[in-house]
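Residue numbers start at 1 and run along the sequence shown. These values consider heavy atoms only, across backbone and side chains, with no hydrogens, waters or symmetry-generated copies. The structure presented is a predicted model; accordingly, all values stated were derived computationally and were not measured.
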Amino acid sequence: MVETNGKKIFDAVGADAVFTTCEYLKRYITGFLTEGGFVLTDKDGTTLYTDARYTEAAEKLLKGTEVRVREMDRFSNTPAELLKKYKTVGIAFEETFYPEYKKLSDMGLTLVDSSPAFRRCMAIKNEWELKNIARACDIAEEGFLKLLPEIKEGMTESEVAALLEYNMRTLGAYSTSFDTIVAFGAHAAVPHHVTGDTKLRFGDEILIDFGCKVDGYCSDITRTFLFGDDGKHAEFKKAYAAVLAAHELVKENLKAGMTGGDGDAIARNYLESKGYGKYFTHSLGHGIGLNIHEFPFVRKGGQDVLENGMVFSDEPGVYLAGEYGIRIEDTITLKGGSVVSFMHKTDRNLVIL
């Protein structure tokens, strides 16, 4: 059954009511994805106001939860009528356009920012959320393992990406977490390369950054490997060993209570000791949940405190422009004070097809 979060958000905001229109925040509160409509939470509970396009599905999914479902006319002034009985109303300032803010303010409401409450609550995943993320990670890994024997010389980056996405969907994912990145050869030196029509050749390295969603929750994984060995990868292999060691050091040494900056430093200091520090050009990691990038941020100098139940990435990398790029990424969480990886099916050691 869906676990809903309305009361947790209401208690954290501290206003008379919490009014939410942002799609992913509505989904966080209710567990149900809708376009349009809104969620209203007060001392009496949480109500999802939606239109006839979603009513039946919402009632079926949310039966037995704390969330009531009410059908509304898409073009009515329902929110104003409902909100006028409150004095203080929480809205997510970071996700609210000015015209909506102005309209609510002109009603005489005292508006309280609910964004910090959402950020704090969403960072600590409950068991239902962790289960969805774990399943998304399983599907991503299974899709990747199915892909490996399908990769052939002459295929384009886009063809490889399409095969992987097809595999993940047939295994149960409902969408990708983000646009799949497939980079051949020197393209891998661009951390966020745009997958294109470059054809695979013997001896190319392949970097694939991908993920999928289960019930809205994301997975994120990167694997770097070789398509055959043409004997020209001595430096690449040396750098790969350093990135892998940095990746594993994070798993061994990152603990609850550390800051994001502390976690980043574990990998960054090691890569610097091996001469690759200046080639690690991005942060170690980012929070993962309903969004592929969310709180906390595991970055150089970051002050976000890492806690049990948070989910984020461990993705050190080394990138030499025009030559090669390496990234090894797992989705991880903190449990009992230590790192637990969701990835346990794919090899992090260098694979040569």
Side-chain angles (χ1 to χ4, degrees), residues 1-34 37-50 58-59 61-70 72 78-96 100-101 104-105 107-133 215-217 256-257 287-291 294-297 303-312 333-337:
M1 185 178 73
V2 173
E3 289 188 21
T4 56
N5 295 295
K7 186 176 187 307
K8 182 162 59 173
I9 291 295
F10 175 71
D11 290 344
V13 173
D16 295 335
V18 179
F19 176 68
T20 306
T21 57
C22 170
E23 285 189 10
Y24 80 87
L25 297 181
K26 288 189 298 177
R27 184 165 198 164
Y28 177 70
I29 292 176
T30 66
F32 185 78
L33 178 64
T34 63
F38 57 91
V39 174
L40 186 62
T41 305
D42 61 14
K43 62 181 177 59
D44 297 320
T46 296
T47 305
L48 168 65
Y49 289 86
T50 188
E59 288 176 341
L61 181 71
L62 298 174
K63 184 178 181 180
T65 73
E66 67 178 30
V67 181
R68 299 180 293 266
V69 179
R70 298 288 183 267
M72 56 173 277
T78 305
E81 291 301 311
L82 293 170
L83 293 174
K84 63 184 181 182
K85 65 180 180 179
Y86 304 112
K87 292 183 178 179
T88 60
V89 173
I91 64 171
F93 286 5
E94 295 173 6
E95 302 293 344
T96 301
E100 183 178 350
Y101 176 91
L104 295 172
S105 182
M107 290 172 56
L109 298 171
T110 298
L111 300 177
V112 178
D113 187 9
S114 63
S115 296
F118 274 106
R119 190 160 50 246
R120 289 193 304 272
C121 293
M122 291 176 70
I124 308 296
K125 271 58 179 181
N126 61 36
E127 288 303 313
W128 182 77
E129 292 172 303
L130 292 170
K131 181 181 177 181
N132 287 330
I133 293 169
D215 276 340
Y217 287 85
I288 298 167
L290 285 171
N291 297 311
E294 61 180 43
F295 184 84
F297 296 100
Q303 296 302 305
D304 297 341
V305 176
L306 305 177
E307 302 177 44
N308 287 324
M310 289 182 171
V311 176
F312 47 95
T333 187
L334 285 168
K335 184 177 182 179

_Is there a side-chain contact (heavy atoms from CB on, under 4.5 Å) between I91 and F93? Walk through the geometry before answering._
CA-CA 6 Å; I91 64 171; F93 286 5; 3.5 Å; yes
*With side chains defined as the heavy atoms from C-beta onward, is the minimum distance between Y217 and E129 less than 4.5 Å?*
yes
_Straight-line distance of E100 CD to F19 CZ, nearest 0.5 Å_ = 5.5 Å
*At their closest point, which heavy atom of A17 faces which heavy atom of D42, and how far apart are they?*
CB-CB, 4.2 Å
*Do you know which two heavy atoms are closest between S114 and V18, and how far apart they sit?*
CB-CG1, 4.4 Å
*Do E23 and L33 come close enough that some side-chain heavy atom pair is under 4.5 Å?*
yes
*Determine yes or no for a side-chain-to-main-chain donor-acceptor pair under 3.5 angstrom, with T20 supplying the side chain and L25 the backbone.*
no
*Test T41 against every option in T46, N5, V13, T47 by the side chain to side chain contact (heavy atoms under 4.5 Å, CB included) rule and name the one that passes.*
T46
*side chain to side chain contact (heavy atoms under 4.5 Å, CB included) partner of L104, chosen from L83, T96, V89*: L83
_Polar side-chain atom of T30 near backbone of K26 as donor-acceptor pair, under 3.5 Å_ = yes
*Using a 4.5 Å cut-off on heavy atoms from C-beta on, say whether the side chain of W128 contacts that of D215.*
yes
*Are side-chain heavy atoms of R70 and L48 found at a separation under 4.5 Å?*
no
*Please report the closest heavy-atom contact between S105 and L111, naming both atoms and the distance.*
N-CD1, 4.0 Å
*Tell me the salt bridge (Lys or Arg N to Asp or Glu O under 4.0 Å) pairs involving residues 5-21, sequence neighbours left out?*
K7-D11
*From CG (N308) to NZ (K335), nearest 0.5 Å*: 10.0 Å
*Evaluate the side-chain contact (heavy atoms from CB on, under 4.5 Å) criterion for residues F295 and R120: first the C-alpha distance (whole Å), next the side-chain angles of each, then the deciding distance (0.1 Å), finally the verdict.*
CA-CA 8 Å; F295 184 84; R120 289 193 304 272; 5.9 Å; no
_Main chain of N291, side chain of E294: is a donor-acceptor contact present, judged purely on distance under 3.5 Å?_
yes
*Rounded to the nearest 0.5 Å, how far does CG of L290 lie from OH of Y28?*
8.5 Å
*Which value, rounded to the nearest 0.5 Å, describes the distance between M122 atom CE and I29 atom CD1?*
9.5 Å
_Would L306 and F312 count as a side-chain contact (heavy atoms from CB on, under 4.5 Å) here? Give the steps._
CA-CA 10 Å; L306 305 177; F312 47 95; 4.2 Å; yes
*What distance separates L82 CG from Y49 OH, expressed to the nearest 0.5 Å?*
4.5 Å
*Once you round to the nearest 0.5 Å, how far does CE of M310 lie from CG of D304?*
7.5 Å
*May I have the step-by-step check of side-chain contact (heavy atoms from CB on, under 4.5 Å) for Y24 and E95, ending in yes or no?*
CA-CA 10 Å; Y24 80 87; E95 302 293 344; 3.0 Å; yes
*With no hydrogens and no angle check, is any side-chain donor or acceptor of K125 less than 3.5 Å from a backbone partner on I288?*
yes
